[in-house]
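Below is one structure, written out as structure tokens; the observations come after it.
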Amino acid sequence: MSERQPLQSPIGTHDVMADQSPLWEGVVAHFAQFAYRFGFSMIHTPMFEDVRVFHRGIGEKSDVASKEMYVFEDRGGRSYALRPEGTAPIVRAFVQHQPTVPFRAWYVTPAFRYERPQAGRYRQHHQLGVEVLGTDDPAVDVEVISLAWRFYQALGLTQVRLLINSMGHVECRERFVDVLREELHEHRQQLCDDHRQSYAENPLRVLDCKRPSCIAVTDDGPSLPDFLCAPCADHFARVRTGLSAIGIESVLTPRLVRGFDYYTRTTFEFVADALGSAQNAIGGGGRYDQLAEELGGKPTSGIGFGSGIERILLARAAEGVDQPLINRDIDIFVVDTTGHDVATVLVDQLRGAGWATLRAYDNRSMKSQMKLADKSGAKVALLVGPQEEAAGEITIRELRSADFEQSQRVVLREEILATLRQTLGK
RNA sequence: GUGGGUGUAGCUCAGCUGGUUAGAGCGCCAGGUUGUGGUCCUGGAGGCCGCGGGUUCGAGACCCGUCACUCACCCCA
């Protein structure tokens, strides 16, 4: 890159500026509220991990691990990867610290994948999610899915569908994959260009190929739910009845396999139909009963779900939902034309009392300061000029009122907090 | 990694078949007499026309390269 190129954010990354940040804050705040309501504790794990966490976790042959990870060596020659997803690092932490089970954690984190950016797809995106380790009770599957569902509802999303499937445990899956591989081999000439060569390596990938040629083959092929052993079939049935018991409709989607290799039994995905693009998955997850063992721990079943903040916001925009998610309005704007430290002291006092307060700088004119007060969104402006200062008073002006005369009055300096409490109702 | 579209003021965009000092709207700043926002009026600041090279008497316009943004494929959040 030329030295003359202006500096800007890296490809596929974005700055969240003030016009968007309240939405972000709101999404995270809502999720935190739901997570705590469901009894989850927040945890933080490093932004990068030993690459083996992901190779063994999400599977070396998965697209994400094989070609999309940001891998680097540190100065000590250790090989690390920026986290491409949220689950494997948390399971790594679980294995390392061996907390008591059931272990319930929620998180919000950036995730990094080296891909060509496009609508709804970035090199750094942000996910929030939960994980539960230490039980394979189908009630937990229901709980995790319902947390996501209620969360989307709270954000105002209505055009979201829950797709669900079960991969079975290792043996169910292997029996299925064997049959699928045979089926694909038999019809390999009809597969799309990409999969005609690669189907044998990971036959499951062909299931979510969107090309008509592959779909035609797999539609007539074996269906995952048919290969579930009795316990897995029972588990899946109980998840689905549990969901319908609380009014959550799930769409059985036999070809739903998802991109990571660690999934067993329940897998699910939330698609936002308002998003026209192929990137319409706003969240997803599933059970991973082998993962803790893969990462060196005791056999421990687990389930989790993750959701992309950017896609949630895109879906909200696509549905035309525009109610704010969090209030970050300014309460008071202090206008000071005395040239002394009146605003400095007043602002300190107001903020101390809990008001969101802003002021002007640089000795601007009163007119200029009033313009700033208006643009700040403040509900009231407090005016202090030489007159008020001399009289020990403050002029209160309600900025959201249309009537000049009614909107303004003068109070004594020492009565300002009480008056504001009355005016602003706090 | 492959393909399409686009790069002109802080933002959204005009700039006709190449022709003087590159424009608009919004935003920003300052005024519109005595200390007061939202509407209105006036003025002002602000552009290596993404970057490099080429064609030409002359390039924001044309050609090549490059970088970036964007959309799509693959796949996913």
Side-chain angles (χ1 to χ4, degrees), chain A residues 1-14 17 19 58 62-68 84-87 108-129 148 192-195 198 202 205-206 208-211 214 257-260 269-272 275-285 305-315 333 335-339 360 362 364-378 380-389 395-405 407-408:
Chain A
M1 193 180 295
S2 161
E3 272 305 310
R4 303 177 68 140
Q5 284 293 332
L7 295 172
Q8 56 180 323
S9 53
I11 296 172
T13 69
H14 297 275
M17 301 300 281
D19 57 336
I58 64 187
S62 70
D63 280 16
V64 169
S66 63
K67 60 183 187 187
E68 293 174 2
E85 59 102 42
T87 299
V108 50
T109 179
F112 304 89
R113 293 181 201 171
Y114 192 86
E115 307 178 87
R116 289 289 291 269
Q118 70 183 269
R121 208 184 65 187
Y122 311 103
R123 289 189 175 177
Q124 176 179 342
H125 73 280
H126 300 80
Q127 289 191 20
L128 24 76
C192 75
D193 294 345
D194 290 342
H195 289 120
S198 67
N202 194 344
R205 291 269 62 79
V206 183
D208 54 22
C209 180
K210 293 179 186 72
R211 296 180 204 279
C214 280
V257 289
R258 301 189 50 76
F260 303 138
E269 195 164 288
F270 295 94
V271 295
L275 293 174
S277 69
Q279 285 75 239
N280 64 350
I282 59 173
F305 124 87
S307 193
I309 295 178
E310 287 84 354
R311 291 214 184 150
I312 288 171
L313 292 176
L314 286 171
F333 195 100
V335 173
D336 172 9
T337 57
T338 64
D362 304 318
R364 295 227 207 184
S365 67
M366 175 161 284
K367 175 174 180 154
S368 170
Q369 292 192 45
M370 284 303 295
K371 284 190 177 184
L372 294 177
D374 184 51
K375 273 180 295 201
S376 76
V380 305
L382 300 188
L383 286 70
V384 184
Q387 286 175 27
E388 286 88 347
E389 189 184 26
T395 298
I396 300 182
R397 183 161 171 73
E398 293 186 40
L399 294 169
R400 303 306 143 202
S401 162
D403 184 342
F404 184 98
E405 295 305 322
S407 68
Q408 189 160 310

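Chain letters run A, B, ... following the sequence lines, proteins first, then strands; residues in each count from 1.
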Taking atom types as they are modelled, would you say the side chain of A:Gln279 forms a donor-acceptor pair with the base of B:rC75 within the 3.5 Å cutoff? yes
Touch class at under 4.0 angstrom, heavy-atom based, for A:Ala373 against every strand present: nothing
Counting the atoms with a prime plus P, OP1 and OP2 as sugar-phosphate, which does A:Phe305 contact under 4.0 Å by heavy atoms, base, sugar-phosphate, or nothing? nothing
Establish, with yes or no, whether the OP1 or OP2 oxygen of B:rG38 is under 4.0 angstrom from a side-chain nitrogen or oxygen of A:Arg400. no
Would you kindly check whether a donor in the side chain of A:Arg116 faces an acceptor in the base of B:rC75, or vice versa, at under 3.5 angstrom? no
Send over the distance from A:Leu399 CG to B:rG37 C1', rounded to a whole Å. 7 Å
What integer distance in Å separates A:Gln369:CD from B:rU36:P? 12 Å
Would you say B:rA30 has OP1 or OP2 under 4.0 Å from some side-chain N or O of A:Ser365? no
Could you give the distance from OG1 (A:Thr13) to CZ (A:Phe112), rounded to the nearest 0.5 Å? 9.5 Å
Nearest-0.5 Å distance that lies between atom OG1 in A:Thr337 and atom CD in A:Glu388: 7.5 Å
Between B:rA68 (P) and A:His14 (NE2): distance, integer Å: 14 Å
Any N or O donor-acceptor pair under 3.5 Å from the base of B:rG50 to the side chain of A:Gln8? no
Side chain of A:Asp374: nearest nucleotide among B:rG38, B:rG35, B:rG32? B:rG38
Base B:rA77 to side chain A:Glu269, donor-acceptor N/O within 3.5 Å cut-off: no
In whole Å, what is the span from the CD atom of A:Gln408 to the P atom of B:rG37? 10 Å
Does OP1 or OP2 of B:rC73 have a side-chain N or O of A:Gln118 closer than 4.0 Å? yes
Expressed in angstrom and rounded to an integer, what is the separation of A:Arg311 atom CZ from B:rC75 atom C1'? 10 Å
For A:His126 and for A:Tyr114, find the nucleotide of RNA chain B with the closest heavy atom, then tell me which residue's nucleotide is more 5'. A:Tyr114
Under 4.0 Å between a side-chain N/O of A:Arg364 and OP1 or OP2 of B:rA30, yes or no? yes
Examine B:rC28: is either OP1 or OP2 under 4.0 Å from a nitrogen or oxygen in the side chain of A:Lys375? Give yes or no. yes
Give the intermediate values and the outcome of side-chain contact (heavy atoms from CB on, under 4.5 Å) for residues A:Leu399 and A:Met370. CA-CA 9 Å; A:Leu399 294 169; A:Met370 284 303 295; 3.9 Å; yes
Determine the contact category for A:Phe333: base if any of its heavy atoms lies under 4.0 Å from a base atom, sugar-phosphate if only primed atoms, P, OP1 or OP2 are that close, otherwise nothing. nothing
Short N-O contact, A:Asp374 and A:Arg400, less than 4.0 angstrom: yes
For A:Arg205 and B:rC76, is the shortest distance between a side-chain N/O and OP1 or OP2 below 4.0 Å? yes
